[in-house]
There are 2 protein chains.
Amino acid sequence: MQEEKLTDTASRLLVINLIFREGMLNRSYMPENEVNFSRGLEGVIASQTKIGYIDGLKGHLVYRGYEINSLVENSTYEETAYLLLYGRLPTRSELDDFTSKLKERSSINKETYDVIRRIAGLSHTMSSLRTAVSYIGTHSKLGDKTDYESQEEMGISIIAKMPTIVAAIKRAVNNEDFIEPDPSLSYTENFLYQSFGERKSKEVTRILDSMLLLHADHGMNASTFASMVVISTLSDMYSAITAGISALKGPLHGGANERALKMIMSIGSPEKVPEAIGRMLESKEKIMGFGHRVYKVYDPRAKIVKTYADQLTKGTPLRKVYETAIKIEDYMIERLGSKGIFPNVDFYSGIAYKAIGFEPELFTPIFAVSRITGWVARDLEYLTNNRIFRPRSEYIGESEIKSYIPIERR
Amino acid sequence: MQEEKLTDTASRLLVINLIFREGMLNRSYMPENEVNFSRGLEGVIASQTKIGYIDGLKGHLVYRGYEINSLVENSTYEETAYLLLYGRLPTRSELDDFTSKLKERSSINKETYDVIRRIAGLSHTMSSLRTAVSYIGTHSKLGDKTDYESQEEMGISIIAKMPTIVAAIKRAVNNEDFIEPDPSLSYTENFLYQSFGERKSKEVTRILDSMLLLHADHGMNASTFASMVVISTLSDMYSAITAGISALKGPLHGGANERALKMIMSIGSPEKVPEAIGRMLESKEKIMGFGHRVYKVYDPRAKIVKTYADQLTKGTPLRKVYETAIKIEDYMIERLGSKGIFPNVDFYSGIAYKAIGFEPELFTPIFAVSRITGWVARDLEYLTNNRIFRPRSEYIGESEIKSYIPIERR
């Protein structure tokens, strides 16, 4: 739609390039008039950020100047969280301090465990997570505060507690005893330990840590935005994160990997792919885990997670699922790659989480364990130059003022 | 800022007129280029609506074609809720059906009362409300559903339960026994009965009903918007309303009437007004309850609520507070009326709520008892033409890609 206004190929390419550089978007190239009403605020700039950006044409995801690949190779979740929150990689002592802070705040109280026990299994795991975080907020002494330091303290506390809460939900759903965090373990080690009641191998731990790291932030998205709208009223961080979780729960946002895995498993084996996917394409069914509003090339996260799914499924009963996925990718790229349709991160992450031992209902809560840092970082950044979000709606109803008619005469 | 681009007075007035007609805004008159990045999305249209609009220059608030004054004079909260939700005034049997539906859904279970008992008093009343609504959501059989009918059913259920929840929070804060809803009573009667343990006079009931009705919807605002961002992911209505409550909690949004009342009470008496307010104006302190982003004339709701504050305080110890408020208004209009600064609804509503017997910490939860209908109506309307909210952020950080430096070398 936006390209239609341009006449020559050069400027067309320039605009396309800019449109798909999330964050790097230069507003002087935004076609005028187009953004006055854009459904879903597509293309509308809602804030300025130094936290990161997506280059949807080059297939880059950048946190604070670092490409996601170099962080996945070298960094950890804690270090990357520090980077996202404070803008630069920490020194050894800064990282130690930050890690200690997280460990000190990672416990939840007995009452919270009780609430989780009572609600888990009644409804969606994300409803449990939403309620648990909100509940913990009522116990915070800072829940009434609006100053930056209090918001930051609440944010770090929620980041620290997130693996504990999600692991508790997992164990409550399975009617297992709760396991408290072990202060000798890292963020991801603790999440695995509290989830499964045992340590996982170094390889598995490292893979999950990288997966959490590479989902920690992803430009402006619906849950980040919901969280920012809430913080912009100077509400507290618990409220803002509750809103982020509420948005992530939606199947148009979180949950895509769960549905992708279901689709792959329902196809069942590589040789059934051409017929099954061919039929779905013909009947215009959505192929889960393909295409992205921003990436028009291969999702850089998918590239990484695909190798993890490969590693984790070798010699396991899930190998067939992985092989089916590979076949689906080949088939889809052959058919639609030229249109910029490639697998996104959700296509392979479900296989990886499942291979680690998580059930599909835990996939979206795991997403929250990761994205919590992006939410907190962007909320805090917004607060440094806050303005309440109050857009307008365009009235398209009848413009005439009506007279009230008593009920007997209707 | 927007006016600067225009050269003649006529078109300048036209644009001003359109800018302050919330909802009636005609996008062909939006100055180009200006809305590409607008902090807080001010002036940006985020959705189209038939529910209502504000005419900030004429001082009109319109629900579905009806001016707020004619509804306050003739309608009830239930009837207005029907109007906002379904687009027209109900027939007698439609209203009876709707009222029955609300009554049938107004109870909350023992577990929810227990949770409210446990958290009330620990933190902000809005944190309790946020948690209670989220908690009830985990008990809903519909919490996983995304179809319109399920969302509508959840919405009506939350509207029905809101007075019960807020009254329960009030009683828990005061360590009083809970009172269950009485199906023979109306929405507002029940709210008062559950809050105070006794019926209030017809006059008081009628006034509170009108106040709930006139706060039920108010264009696009931060809590409505937060709720819409959440529902746009196809998350469930409990999640969306939890987000609305989370945003309303912020002191830049809900809570202004509480702060206005505190300011009026701290001044103490009419004769102290010129000196106190004069000093505040000089030191550029914000005068709570004055001015509005949309209304540039007298807030039509304030006009109505002022008469209620008058009625309710006659012959009571609060009369002096009312008289102080009147004096503040006179003084402020004399000094700033020509700049379009007038009292808004928050300036008088605190006095009215206090005169009814509610403590200031309940004012924002009462706002939620009212606004719940606007949230549900706008969420449902958005779902009929849904598109996930996913705006962009403009990256303003360093554009160079950095190389990862090992921690020893930082």
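The chains referred to below are lettered A, B, ... by the order of the sequence lines, with proteins before strands, and numbering in each begins at 1. Keep in mind it's a predicted model, so treat the numbers as computed, not measured.
- A donor-acceptor pair under 3.5 Å links the side-chain atoms of A/Arg39 to the main chain of B/Asn385, judged by distance alone.
- Neither the backbone nor the side chain of A/Arg409 comes within contact range of chain B, judged by heavy atoms closer than 4.5 Å.
- For chain B, the option among A/Arg88, A/Glu79, A/Glu67 with the highest count of heavy-atom pairs below 4.5 Å is A/Glu79.
- With values rounded to the nearest 0.5 angstrom, B/Ile401 atom CD1 is found 7.0 Å from A/His60 atom NE2.
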Audit row: A/Val44, B/Leu41, side chain to side chain contact (heavy atoms under 4.5 Å, CB included) steps and yes/no: CA-CA 9 Å; A/Val44 175; B/Leu41 291 173; 3.9 Å; yes
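- If you measure heavy-atom distances from A/Ser232 to chain B, the contacts under 4.5 Å come from the backbone alone.
- Of the residues considered (A/Ile51, A/Val229, A/Leu89), A/Leu89 shows the highest number of contacts with chain B, using heavy-atom pairs under 4.5 Å.
- Put simply, CD1 on B/Ile119 and CD1 on A/Ile136 are 12.5 Å apart, with the number rounded to the nearest 0.5 Å.
- Taking A/Ser235, A/Ser70, A/Ser127 one by one and counting their heavy-atom pairs under 4.5 Å with chain B, the maximum is reached by A/Ser235.
- Between chain B and the options A/Arg130, A/Lys50, A/His124, heavy-atom pairs under 4.5 Å are most frequent for A/Arg130.
- For A/Pro406, no part lies under 4.5 angstrom from a heavy atom of chain B.
- Highest contact tally toward chain A, considering only B/Met228, B/Glu400, B/Glu111, is held by B/Glu111 [criterion: heavy-atom pairs under 4.5 Å].
- Taking the six-membered ring where tryptophan is involved, the planes of A/Phe225 and B/Phe225 are perpendicular, since the angle between them exceeds 60° and thus also 30°.
- Ranked by non-hydrogen atom pairs under 4.5 Å with chain A, the options B/Gly250, B/Gly254, B/Ala240, B/Ser140 are led by B/Gly250.
- When the shell of 6.0 Å around NZ of B/Lys402 is examined, it contains more than 12 heavy atoms from other residues, nucleotides or ligands.
- Chain A forms more heavy-atom pairs under 4.5 Å with one residue of B/Thr224, B/Val115, B/Thr242, B/Val133 than with any other, namely B/Thr242.
- Of the charged side-chain nitrogens involved, none lies within less than 4.0 Å of a carboxylate oxygen, so that B/Arg118 and A/Asp114 do not count as a salt-bridged pair.
- Between chain B and the residues A/Ala132, A/Gly137, A/Pro90, the largest count of heavy-atom pairs under 4.5 Å involves A/Pro90.
- Between atom CZ of residue B/Phe389 and atom CG of residue A/Leu252 there is a gap of 12.5 Å, rounded to the nearest 0.5 Å.
- Options A/Ser403, A/Ala243, A/Ser246 differ in how many heavy-atom pairs under 4.5 Å they form with chain B, and the most are formed by A/Ser246.
- The distance from atom OG of B/Ser239 to atom CE of A/Met126, rounded to the nearest 0.5 Å, is 8.0 Å.
- For A/Arg390 (side chain) and B/Met220 (main-chain N/O), a donor-acceptor pair under 3.5 Å exists by modelled atom type.
- Of the two parts of A/Ser75, the backbone and the side chain both hold a non-hydrogen atom closer than 4.5 Å to a non-hydrogen atom of chain B.
- Note that the CD atom of B/Glu381 and the OG atom of A/Ser393 stand 8.0 Å from one another [nearest 0.5 Å].
- The aromatic rings of A/Tyr66 and B/Tyr404 lie perpendicular to each other, with more than 60° between the two planes, well past the 30° mark.
- For the set B/Glu408, B/His139, B/Lys141, the entry with the most heavy-atom pairs within less than 4.5 Å of chain A is B/His139.
- Of the listed residues (B/Glu398, B/Arg378, B/Lys249), the greatest number of heavy-atom pairs within a distance under 4.5 Å of chain A belongs to B/Lys249.
- When heavy atoms are compared at a cutoff of 4.5 Å, A/Tyr382 approaches chain B solely by way of its side chain, counted from C-beta outward.
- Residue contact with chain B, scored on non-hydrogen atoms closer than 4.5 Å, is absent for A/Glu73.
- Once rounded to the nearest 0.5 Å, the distance linking OG of A/Ser399 with OH of B/Tyr53 reads 7.0 Å.
- When the candidates B/Gly397, B/Ala247, B/Gly40, B/Ser128 are compared by the number of heavy-atom contacts under 4.5 Å with chain A, B/Gly40 comes out ahead.
- Of the two parts of A/Leu95, only the side chain, counted from C-beta on, holds a non-hydrogen atom closer than 4.5 Å to a non-hydrogen atom of chain B.
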